[in-house]
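Residue numbers start from 1 in every chain, and the chains themselves are labelled A, B, ... in the order their sequence lines are given, proteins ahead of strands.
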Amino acid sequence: MITVTFPDGARREFAPGISGLEIAKGISPSLAKRTIAMALDGVLSDLSDKIDRDVSIEFISRDDPRALELIRHDAAHVLAEAVQTLWPGTQVTIGPVIENGFYYDFYRNEPFTPEDFPAIEKKMREIIAKDKPFTKEVWSREQAKKVFREKGENFKVELIDAIPPGEDLKIYKQGDWFDLCRGPHMTSTGKIGNAFKLMKVAGAYWRGDAKNPMLTRIYGTAWPDQKQLDQYLHMLEEAEKRDHRRLGREMDLFHFQEEAPGAVFWHAKGWSLFETLTSYLRRAQMDAGYLEVNTPQLMDSQLWVQTGHMEKYREMLFLTEKREDDERVFAIKPMNCPGHVQVFKNGLKSYRDLPLKLAEFGKVHRFEPSGALHGLMRVRAFTQDDAHVFVTEEQIAEETLKINNQLLEIYKDFGFEDVRIKFSDRPEQRIGDDVIWDKAEAALKEALERSGKAWTLNKGEGAFYGPKLEYVLRDAIGRDWQCGTIQVDLNMPGRLGAFYIAPSGEKVTPVMLHRAMFGSLERFIGILIEHYAGHLPLWLSPTQAMVCTITSDADSYAQELVQTGARVGLRFEADLANEKINYKVREHSLAKIPVLLVVGKKEANERTVSIRRLGSTDQKSMPWEDALAMLKAEAVPPDLQRAEGLA
RNA sequence: GCUGACGUAGCUCAGUGGUAGAGCACUCCCUUGGUAAGGGAGAGGUCGACAGUUCAAUCCUGUCCGUCAGCACCA
């Protein structure tokens, strides 16, 4: 007999080989009816699975959070059946669950389009309405390959070959249709319900490799009920309103145009934000002992041969043409590091100079693939808040930890409390000995452990010259972007001939730590806009207050307020337009101006202002001097607010 | 780069094989109005670029450029 433990702690004995469904039926028919799967010792399993050991069991109903992935996975199978029914000859490949939904990759000569969705969804509803039971069979490798080969499912045959020898080959059937699948599934297609929707089609390479054929991927989303589906769709609409490309236009921050793909035209307001951020970073860097330098935009391409970039990234470099009177080819810098190494090399350095921290707001250019470009997030010309810390091997972990800590401090100033850290170790294509890589990776791990922050491993994703930590932020629609980074480089300084004089008098190659806090200013601004949904805090907002006149009687008073604001370092503007106050309030609210100072004849006479904050309909009248003092205090950047406590 | 979709006024979008339209924005006039759109008039377009088909192309075909989504890439 086996002992089964129930969620309430009760234990019961059963004969080995009893299925979950039988146990549920034994308890009550209604439980069996509403149970769609089970968890054995916490692991989701088919309700039909036979139990032959002591376990704890939980019956999963449709409203259990764990049912969500089953609903989506089953929906993917139904999608595949629907597509193969409508277009026989289409090959199936894989169809996993993803965040917020699922997809299925198909191979077919004719691509699918969104116009096909209604037909596919209709067929899916039919399959769901038939409430076909999911049944599982375990096949032998040979049998499975034979069946799929005969069906012309060549991709499935390849998948079977990739399954490790010890693992069972499971086939899930829903009526006549079946698929190779790891499972588990719900008891029948009817459990999926009707709260699903096909979202988009896209190409995707077979097995994620650009050398392989391209498949058509159909994305869908599925939820336990219509309400949750509607909520999700509504959330997507709201996220669209936060899109920095849209807000960038609405707030008059920047634009792009065809002549400069992947390069930003910063407008005055966007540049104000950019400058506010660089000033902030300058203070932070100075505080941490960095020296700001500036290195050439264009250097002999030979330098990039030395670093290894020409070999690995030739296609991504912007190169000049050879000139008749000069045989040399120049490259626009894709990174700042070689420039900083030149600064380091200029003049003899001693171990006493280390750690030496060189920083630069370096504008770099990379010929990114056209399909990679995305607003401010992925551009071809961007500004790094780049720095290189030259250290001895012994100093690596300590300096890395310092950078990590400052980075997290800085992110907090922008409300990013839960930054995710990825540790990317050695890639296949790399320079330098493995002994060196061992050291570099160990140093980063030590720093991570000492910081106590959670992190995940990003296997094989390091830079070609060294491992890295990536600090990842998420945009409005859930896409992840690398912002900050720390990289340990035991290769490049040596390649470029940098050394310092050790206490022994020997020449020793320094280790270089590459670090960026925002990463790319452009990307960080994109993330910030979406993070704040355009509602920038006062210290960042390009226009901090708009003085709106009620009638032209207050024009000169309004202008005076703007001037006084400017004199104390506040960015005010006046709206003297011949429009009603309703119109002005609406216009500037839509432009995300954080503070509206409304002035009419009354305020001009009494020297007061009526204050209205973005996102609120409250209005408060107060003496102008008080309002000015209040806004001035509020507009102090967070780091300077902290510093005031020190003075 | 790959697959697919898209490109018409500053923005959002209609539209047609016979050289274009709306709303908002813009300019001017009237209005001086107290917290999310006052009224009127006007101006504004090589219909992404280049070829081809056609008597005639913004519309059909092709190539290119750009944008969007996903994939691949991301020093």
May I have the step-by-step check of ring pair (Phe, Tyr, Trp, His ring centres under 6.0 Å) for A:Phe102 and A:Tyr104, ending in yes or no? CA-CA 7 Å; A:Phe102 60 91; A:Tyr104 210 110; 9.0 Å; no

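Between B:U8 and B:C59, the two C1' atoms lie 11 Å apart (nearest whole Å). Spacing of C1' atoms, B:G7 relative to B:C50, comes out at 16 Å, to the nearest Å. Between B:U32 and B:A69, the distance separating the two P atoms is 48 Å to the nearest Å. The C1' atoms of B:A20 and B:U46 are separated by 13 Å, rounded to the nearest whole Å. Taking atom P on both B:G10 and B:G17, the two are 25 Å apart, rounded to the nearest angstrom. Using atom C1' as the reference point in both B:A72 and B:G62, the two lie 27 Å apart (nearest Å). Taking atom P on both B:C60 and B:A5, the two are 14 Å apart, rounded to the nearest angstrom. Separation of the P atoms belonging to B:C6 and B:G44 is 31 Å when rounded to the nearest angstrom.
A sub-4.0 Å separation between OP1 or OP2 of B:G70 and a side-chain N or O of A:His374 is absent. Contact annotation: A:Thr617 side-chain N/O to B:U35 OP1/OP2 distance is not under 4.0 Å. Residue A:Arg380 places no side-chain N or O under 4.0 Å from the OP1 or OP2 atom of B:C74. Close to B:G34, at under 4.0 Å from its OP1 or OP2, lies no side-chain N or O of A:Tyr583. When the side-chain nitrogen and oxygen atoms of A:Asn582 are compared with OP1 and OP2 of B:U35, none of them lie within a distance under 4.0 Å.
The residue A:Tyr465 sits close only to the backbone: its heavy atoms come under 4.0 Å of sugar-phosphate atoms, none of a base. At the heavy-atom level, A:Arg207 lies nowhere under 4.0 Å from the strands shown. As judged by a 4.0 angstrom heavy-atom cut-off over every strand, A:Ile581 is placed among residues touching the sugar-phosphate backbone only.
Looking at A:Trp206 and A:Glu158, their side chains do bring a donor and an acceptor atom within 3.5 Å of each other. Side chain to side chain, A:Thr608 and A:Lys602 fail the donor-acceptor criterion of an N or O pair below 3.5 Å. With 3.5 Å as the limit, one finds a donor-acceptor pair spanning the side chains of A:Glu153 and A:Gln84.
Relative orientation of the A:Phe423 and A:Trp455 rings is perpendicular, given thresholds of 30° and 60° on the angle between their planes. Relative orientation of the A:His244 and A:Phe254 rings is tilted, given thresholds of 30° and 60° on the angle between their planes. Under the 30°/60° scheme for interplanar angles, the aromatic rings of A:Phe344 and A:Phe390 are found to lie parallel. Relative orientation of the A:Phe524 and A:Tyr411 rings is tilted, given thresholds of 30° and 60° on the angle between their planes. Between A:Trp223 and A:Tyr232, the ring planes lie tilted relative to each other; the angle falls in the 30° to 60° range. In this pair, A:His388 and A:His340 present their aromatic rings perpendicular. The plane angle is above 60°, beyond the 30 to 60° band. Between A:His77 and A:His73, the ring planes lie perpendicular to each other; the angle is over 60°, past the 30° to 60° tilted range.
Along RNA chain B, the nucleotide closest to A:Lys601 and the one closest to A:Arg217 are compared, and the more 5′ of them pairs with A:Lys601. In terms of position on RNA chain B, the residue among A:Gly208 and A:Leu373 whose nearest nucleotide sits closer to the 5' end is A:Leu373.
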Dot-bracket for RNA chain B, please. Rules: Watson-Crick or G-U, both distances under 3.5 Å, ( ) within the strand, [ ] when a pair crosses earlier ones, | for another strand, . otherwise. (((((((..((((....[..)))).(((((.......))))).....(((((..]....))))))))))))....

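Across the protein-nucleic acid pair, A:Ile477 atom CD1 and B:G70 atom C1' stand 11 Å apart, rounded to whole Å. Taking atom OH on A:Tyr205 and atom C1' on B:C2, their separation rounds to 3 Å, with Å as the unit. For A:Asp575 and B:G34, the CG to C1' distance is 15 Å, given to the nearest whole Å. Going from atom CZ of A:Arg523 over to atom C1' of B:A75 covers 13 Å, rounded to whole Å. When rounded to the nearest whole Å, the span between NE2 of A:His340 and P of B:A75 equals 18 Å. In this structure, the OH atom of A:Tyr219 is 12 Å from the P atom of B:A69, given to the nearest Å. The distance between atom CG of A:Asp553 and atom C1' of B:G34, rounded to the nearest whole Å, is 13 Å. For the pair A:Leu596 CG and B:G34 C1', the interatomic distance rounds to 13 Å; values are reported in whole Å.
Residues from residues 237-257 of chain A that place a heavy atom under 4.0 Å from any atom of RNA chain B, listed by number: A:Arg245, A:Arg249. Shown for residues 584-593 of chain A: residues whose heavy atoms fall under 4.0 angstrom of RNA chain B, namely A:Val585, A:Arg586, A:Ser589, A:Leu590.
Here the nucleotide nearest the side chain of A:Ala372, chosen from B:A75, B:A72, B:G33, is B:A72.
On a pure distance criterion of 3.5 Å, no polar donor-acceptor pair joins the side chain of A:Thr216 and the base of B:U3. Between the side chain of A:Glu603 and the base of B:G34, a donor-acceptor pair under 3.5 Å is found.
Using a distance-only test at 3.5 Å, with no hydrogens or angles considered, no donor-acceptor pair links the side chain of A:Glu399 to the main chain of A:Leu513.
Here the rule is side-chain contact (heavy atoms from CB on, under 4.5 Å) with A:Tyr103, and of A:Leu79, A:Ile218, A:Ile98 only A:Ile98 fits it. No option in A:Leu253, A:Asp252, A:Ile593 other than A:Leu253 meets the side-chain contact (heavy atoms from CB on, under 4.5 Å) test with A:Pro542.
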